[in-house]
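The structure under discussion appears below in the form of structure tokens.
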Amino acid sequence: MSVTGVPASRARPPGPSGPVEALRPYWRIFVAGVREQARYVAATLGGLLANTVFGLLKSALLLAAVASAGGSFGGYTAPQMATYVWLGQGLLGSVDLFGRSALAGRVKDGSVALDFLRPVDVQAAAVVSEVGRRVFALLPRGVPSVLIGAVFVGMAVPASPPVLLLGALSILLGITLSVATVYLVAVSGFWLVDTRGVQTFYMVVSGFLAGLFVPITLFPDWLLVLAWSTPFPAMLMFPIDVVSGRVGGWSAVGLVGAQLGWLTLVLVVGQVATRAGRRRLEVQGG
Amino acid sequence: MADTVLAGDLRAYRIVLGSRIRSQRAYRFGFRLDLVSSVLVGLVELAEVLVVYAGLSRGLGGLDVAAVVLVFALADLGFSLADMVVGHCDNLSTYIRAGTVDVFYLRPQPLLLQLVTSDISLRRLARVAVGLAALVAGVAVNDLILDARTVVVLVMAVVCSTLTFAAMFVWAAGAQFFLVSGAEATNAFVYGGRYAASQPASVWSRPLQAVFVFLFPMAFTAYLPTLLLLDLPGSGWVPGWLGWLSPVMTLWAWLMALLGWRFGVRHYQGGGG
């Protein structure tokens with residue numbers, strides 16, 4: 001009997017049946033999995049290439065600016081500027097300055113209702129799993145970017161272990177703060193449904209105010225005040241300043257404290273918004 | 001009779017366009033924010049350039065603040081025009097991965113023309129407006145006198161800039177057939193190229209100049225035309241007169257784009273659906 005029109009003899013390939021035959025599909029799935037992962041390697045290499053090209057262009061411009069300004073530009077010497085550029089490029093794969101998240105889609109199509117049924121806090125689960133992915137991205141994306149910068153351009157590297165430890169904490173806080181803020185973008189969907197506008201707005205504003213393309217110390221005063229009144233500098237600029245040692249001693253501890261303050265605020269707002277959104281959520285269909 | 005057929009065609013076209021515009025406005029707040037963001041993208045990119053130059057009394061790479069506004073404007077206008085027409089090519093890698101690109105092959109129209117749809121996006125129009133405003137400002141702050149030579153250079157610059165960026169989109173789309181999920185690799189040159197275009201090529205190292213002046217002719221989209229407009233000398237590998245070769249380099253970019261596209265389309269084996 002052949003429903004699909006394929007003769008029964010061809011539906012199952014000839015050959016010895018038994019354990020080998022039974023394992024074949026799993027072997028195929030395994031190979032497919034390896035190949036899929038290899039695709040991700042290609043994507044990672046692509047991302048690294050993009051990071052490097054942007055980094056080379058950025059450092060060419062900013063190092064020329066340091067030279068034109070007579071050795072110090074916006075409070076950055078040439079090695080500090082190079083560190084700023086390459087640490088920034090390295091953190092770009094981990095600090096979320098794009099604002100996209102799977103959760104936004106789940107809020108739009110209503111499948112977030114399932115997340116509410118699970119015995120875990122929706123906000124905590126979303127933030128923690130995303131932070132996990134992004135901390136891992138430091139390995140394939142962050143470290144190579146920094147190494148490329150160190151080899152081709154040269155960087156100021158902090159020597160003391162306490163500074164490095166504080167820097168690592170600051171990086172982790174920066175990543176978490178960005179993810180927690182992107183979570184706010186996603187939950188705005190409880191009210192707006194379509195969050196693309198908010199996401200684009202986040203992308204445009206966050207990169208600029210976080211100091212992705214130019215250090216925010218170059219901003220005119222009014223713009224600097226504006227930047228400081230948002231969480232964005234705490235995502236990227238603070239970690240870079242702490243790790244590079246440009247801001248040292250108690251000032252560095254102060255920056256990390258400010259990061260903690262912003263993170264607390266953003267998490268509380270997220271929790272409140274999630275609870276309010278849950279009451280608003282309307283899932284259509286059967 | 002022919003008239004009414006034509007009128008009917010046009011009416012259908014108008015209805016389709018109208019529906020596209022209405023669909024963009026369905027989520028009102030999101031739509032407004034999207035529009036505001038598109039304008040903001042342009043302003044932020046301009047601010048990134050201005051913030052650097054404002055702190056430098058001696059200028060940078062042979063340009064002063066006024067000159068760099070012109071460089072930014074030419075790059076931005078060219079890019080946003082190209083993005084409006086062929087920016088949809090960016091979606092190709094998603095279609096390829098999902099296997100939906102097969103549908104395009106079945107239709108009796110060239111693949112590339114189908115990608116360049118009538119999907120007029122209001123957001124992208126707003127983006128063009130920013131570039132145009134920047135160009136007017138650039139002409140004004142540099143006290144350019146609009147004589148025949150200036151007008152010729154301006155028109156050449158905008159046309160070549162637009163065509164070159166469009167070629168970059170097409171080249172990148174062709175490469176997607178080989179890279180599949182390597183969109184970021186081509187982004188390095190499409191969006192990296194856009195970033196390079198608003199910089200003075202004189203600050204680059206020789207390898208960067210090789211890539212973004214001669215391989216992907218990004219310096220020809222804005223920096224070199226600006227040297228022509230302001231009669232600036234340039235330096236080393238990028239002398240001021242080089243800008244006159246913009247049309248030649250635009251042809252080069254399109255040669256790469258169409259070859260890449262052709263190989264890509266032939267290489268594609270189908271999604272197996």
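Hydrogens, waters and symmetry mates are skipped; everything else that's a heavy atom, side chains included, is used. Chain A is the first sequence line, chain B the second, and so forth, proteins listed ahead of strands; every chain is numbered from 1.
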Got a sec, which residues hit side-chain contact (heavy atoms from CB on, under 4.5 Å) with B:V41, two or more places apart in sequence or on another chain? A:V204, B:E45, B:R127
Minimum heavy-atom distance [X]-[Y], with the two atoms named:
| X | Y | result |
| --- | --- | --- |
| B:G59 | A:S68 | O-OG, 2.7 Å |
| A:G197 | B:S37 | O-OG, 3.9 Å |
| A:A64 | B:V203 | CB-CG1, 3.7 Å |
| B:N187 | A:F54 | O-CE1, 4.5 Å |
| B:Q199 | A:K58 | NE2-N, 4.3 Å |

When heavy-atom pairs shorter than 4.5 Å are enumerated against chain B, which of [options] gives the highest number?
| options | answer |
| --- | --- |
| A:L218, A:V214, A:L63 | A:L218 |
| A:F219, A:Y202, A:F201 | A:F201 |
| A:V53, A:L57, A:L49, A:V205 | A:L57 |

B:L33 CG to A:S188 OG distance, which is reported to the nearest 0.5 Å: 9.0 Å
Rounded distance [0.5 Å steps], CG in B:L40 versus CE in A:M203: 11.0 Å
Considering only heavy atoms, which portion of B:F212 lies under 4.5 Å from any heavy atom of chain A: side chain, backbone, both, or neither? side chain
A:L48, part contacting chain B, at a heavy-atom distance under 4.5 Å: neither
Part of A:V198 within contact of chain B (heavy atom distance under 4.5 Å): both
Do A:F213 and B:V51 come close enough that some side-chain heavy atom pair is under 4.5 Å? no
Using a 6.0 Å cut-off, check whether atom CH2 of A:W228 has over 12 heavy atoms from anything other than its own residue. no
A:L61 and B:W204: CA distance, side-chain angles, deciding distance, side chain to side chain contact (heavy atoms under 4.5 Å, CB included) verdict: CA-CA 8 Å; A:L61 185 82; B:W204 298 339; over 6 Å; no
